[in-house]
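See below for the structure under consideration.
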Amino acid sequence: MELLGLYHYWVFVVLLMTGFYAVVAKVNLIKKLIGVSLFQSAVFLLYITMSKVSGGTAPIVLPGMVDPLYSNPLPQVLILTAIVVGISTTALGLGIAVRIKEEYGTTEEHEIQEIDRR
Amino acid sequence: MTGLNAHLPALQVVVPLLIAPLLILLRPRGLAWAAATAASAMAFAIAVQMTVGVLDGQEYRYALGGWSAPYGIELLVDSFSALLLLIVTGASTLALLAGKASLDSEIEPRRQPLFYSAWLLALAGLAGILVAADAFNIFVFMEISSLASYVLVAGGPDRRALPAVFKYLLMGTIGATFYLIGVGLVYMMTGTLNLADMELRIHEVADQKPILVAAGFITVGLALKAAVFPLHVWLPNAYTYAPHAVSAFFAACATKVALYVLLRFDFVVFQQNLTGHEEQFAAYLMPLAVLAILFGSAVALFESNLKRLLAYSSVAQIGYILLGASLLSIGGVSASLLHMFNHALAKGALFLAVMAIATRYSQLDLQHLAGAAKRMPWTFSALVVAGLSLIGVPGTAGFISKWYLVAAALEEGVLGMALVAVIVVGSLMAVVYIWRIVEAAWFAPADKSADDPGGSVREAPAAMLAILWLAALANVYFGIATGLPRELATAAAISLMGHLP
């Protein structure tokens with residue numbers, strides 16, 4: 001039962017490995033980028049779950065709260081930065097994919113290698 | 001002046017970071033280059049100033065926004081960071097100064113302001129990694145420098161740079177994300193992101209398993225970024241097809257900054273807190289270092305493209321740096337740090353020479369360069385001086401670090417003898433691949449069919465030659481007057497080894 005209780009870690013691991021598999025195994029550049037995105041999202045979830053304190057509420061100080069229990073806001077702030085980094089990476093990756101399509105006429109990895117070998 | 005002095009660690013990053021967006025507005029021809037070079041030179045001056053302070057025994061600690069560590073974000077410059085800051089800002093400044101003509105021919109005028117802006121962002125990111133004392137800030141700066149360097153590498157006219165940079169982007173992102181996972185796990189167990197604070201708090205962690213997993217993720221992630229064999233596959237193509245000035249900049253410093261993070265994180269945070277970690281660290285990295293030296297040198301033996309040859313040689317040189325660190329003795333670590341500096345000098349000068357050659361020859365295959373030395377004697381003489389330093393001939397900087405490396409290896413007994421054999425074999429292979437360049441350029445009959453039908457190729461532009469020779473002579477200078485880098489490297493090694501149990 002303890003394994004099931006840690007389900008949020010399982011979500012992290014499964015997402016992470018799905019993304020990793022896509023990066024390694026897919027030959028289409030766009031699919032690889034989708035894989036990278038999934039891979040990064042998994043880490044976002046890891047940070048979000050670790051910030052949760054069970055029974056904790058949003059860390060906003062309100063009048064009249066007695067002995068409040070707050071979730072940890074720091075990982076959420078960190079991951080906000082990481083999300084921005086992730087989006088820039090994906091955007092840049094897509095931009096490069098577009099340039100590759102313009103120059104090579106394809107986004108399949110093996111076809112690009114074929115063209116370069118000629 | 002003292003007031004400004006205290007802010008140097010922040011200015012190191014802020015100067016290039018703030019000038020980068022302004023460059024986009026500088027449309028008139030040459031202005032963006034001038035501003036970028038000035039900013040880079042200013043960053044170099046700041047690095048020199050801090051090095052002087054560090055040599056006086058000062059440590060620069062800076063609390064951003066006045067919030068003191070561990071709650072605020074801390075910047076820290078000690079001898080290790082100062083050594084690397086010198087390499088990074090120096091390489092950037094020399095590559096920009098020498099690279100004007102080369103970049104003008106490779107980057108369209110319209111895109112130049114954007115290109116130089118990305119250059120300064122890469123510089124700011126790399127400098128940021130070196131001054132940050134906080135695990136998460138290191139990640140953010142790492143990504144700033146990586147994103148900017150993808151743009152720089154893809155900026156040239158060679159379309160083969162695009163698939164190369166795509167691979168670099170995928171592997172770089174996976175590396176950085178691995179690092180992020182590791183930092184997350186450590187944060188989960190300790191509740192802090194400040195490296196020095198982490199070191200203290202990990203003591204109190206009862207369950208070591210998550211820390212061990214974190215150490216694995218961080219080591220592999222940074223090894224990816226540092227192109228440690230066998231995770232080096234992104235490096236050769238990225239260096240080969242990048243604009244020549246960018247190759248000179250990155251070959252001198254980019255992978256070394258990732259190695260810096262790897263060593264600092266491992267020594268400061270993990271070594272004394274994980275039982276038996278130092279043996280695991282050595283047992284894991286030493287074989288990889290040996291393989292990197294043998295494999296990288298062997299591939300360079302058979303490579304026919306000049307830039308690819310030098311790129312594979314870089315893979316081997318990363319091996320030497322790791323080998324020194326994996327000896328886990330003060331001698332070994334300081335040899336490794338010294339080699340970072342000396343290899344940056346040698347490889348930076350070599351890639352500057354390649355850039356000078358590329359202004360006259362469109363193809364950099366060795367067979368196309370047949371007889372080229374007779375047309376460009378000054379360029380090729382500088383290339384040979386830097387090549388001798390790469391090999392480790394006495395009287396050059398490369399000799400000093402290899403000498404210390406061998407001395408440190410010999411302290412290890414029988415294993416050390418085997419390592420010395422590897423170092424010698426690697427150096428001999430370097431003799432052969434540098435000789436292949438010399439043979440093609442000096443002794444092969446000139447290739448009439450290539451770029452040079454009437455023998456009209458002239459020497460490289462004077463400004464470029466001057467910087468190239470400055471870099472080449474620096475190799476000789478630091479081969480004789482070893483004081484500065486050795487002092488920094490030894491102080492850094494003592495402080496790193498001080499964290500061992």
Side-chain angles (χ1 to χ4, degrees), chain A residues 9 12-13 16 19-20 22-24 26 29-30 32-33 35-51 72 74-75 77-79 81-82 84-104 106-109 111-113 115-117, chain B residues 71 118 121 125 134-137 139-155 157-193 210 213-214 217 221 237 240-241:
Chain A
Y9 291 125
F12 158 67
V13 169
L16 188 80
F20 196 54
V23 178
V24 175
K26 293 292 169 191
L29 301 184
I30 306 292
K32 277 177 182 285
L33 277 177
V36 167
S37 261
L38 268 180
F39 187 75
Q40 291 179 314
S41 311
V43 182
F44 304 160
L45 286 182
L46 173 73
Y47 271 72
I48 298 296
T49 75
M50 77 168 101
S51 74
N72 184 354
L74 185 64
V77 179
L78 297 182
I79 226 53
T81 317
V84 174
V85 168
I87 286 175
S88 341
T89 312
T90 314
L92 184 60
L94 287 172
I96 295 168
V98 169
R99 288 279 296 127
I100 289 177
K101 174 79 179 172
E102 282 173 7
E103 294 283 343
Y104 289 85
T106 175
T107 50
E108 304 287 324
E109 203 176 30
E111 289 175 15
I112 295 169
Q113 283 167 353
I115 294 171
D116 268 345
R117 212 167 291 140
Chain B
Y71 302 107
L121 285 177
D134 170 300
F136 196 79
N137 271 284
F139 166 75
V140 174
F141 282 126
M142 198 149 72
E143 282 310 81
I144 291 177
S145 70
S146 301
L147 285 167
S149 59
Y150 307 145
V151 174
L152 291 181
V153 171
D158 196 328
R159 72 171 181 180
R160 286 170 297 181
L162 294 168
V165 96
F166 197 84
K167 189 185 245 175
Y168 182 16
L169 180 136
L170 290 180
M171 297 192 68
T173 308
I174 288 173
T177 311
F178 266 35
Y179 173 79
L180 191 60
I181 296 172
V183 171
L185 290 170
V186 176
Y187 176 75
M188 218 194 275
M189 302 311 288
T190 62
T192 181
L193 290 166
V213 175
F217 270 116
N237 277 351
T240 307
Y241 302 125

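To find a chain, count down the sequence lines: A is the first, B the second, and so on, and within it residues start at 1. Keep in mind the model is a prediction, meaning the values are calculated, not measured. The analysis underlying the following values was restricted to heavy atoms, covering all of them including side chains, and did not include hydrogens, waters or symmetry mates.
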Flag the one option from Gln113(A), Lys32(A), Glu109(A) with the top tally of heavy-atom pairs under 4.5 Å to chain B. Lys32(A)
Rounded distance [0.5 Å steps], CG in Leu29(A) versus CZ in Phe166(B): 4.5 Å
To the nearest 0.5 Å, what is the distance between CG on Leu78(A) and CZ on Phe139(B)? 10.0 Å
When you compare the side chain of Leu74(A) with that of Tyr187(B), does any pair of heavy atoms fall below 4.5 Å? yes
Which atom names give the shortest non-hydrogen contact between Pro163(B) and Ile112(A), and what distance separates them? CG-CG2, 3.5 Å
Considering all heavy atoms, the nearest Ser88(A)-Leu147(B) contact: CB-CD1, 3.7 Å
Less than 4.5 Å apart, side chain to side chain, heavy atoms only: is that true for Glu102(A) and Leu162(B)? no
Is it the case that the side chain of Tyr47(A) and the backbone of Leu180(B) share a donor-acceptor pair, with hydrogens and angles ignored and the cut-off at 3.5 Å? yes
If every non-hydrogen atom of Arg160(B) is compared with every non-hydrogen atom of Tyr104(A), which pair is closest and at what distance? CA-OH, 3.3 Å
Interface moiety of Ile174(B) toward chain A, non-hydrogen atoms closer than 4.5 Å: both
Heavy atoms only, distances under 4.5 angstrom: which of Leu185(B), Val165(B), Leu170(B), Ile144(B) has the most pairs with chain A? Name it, please. Leu170(B)
Using a 4.5 Å cut-off on heavy atoms from C-beta on, say whether the side chain of Phe20(A) contacts that of Thr177(B). no
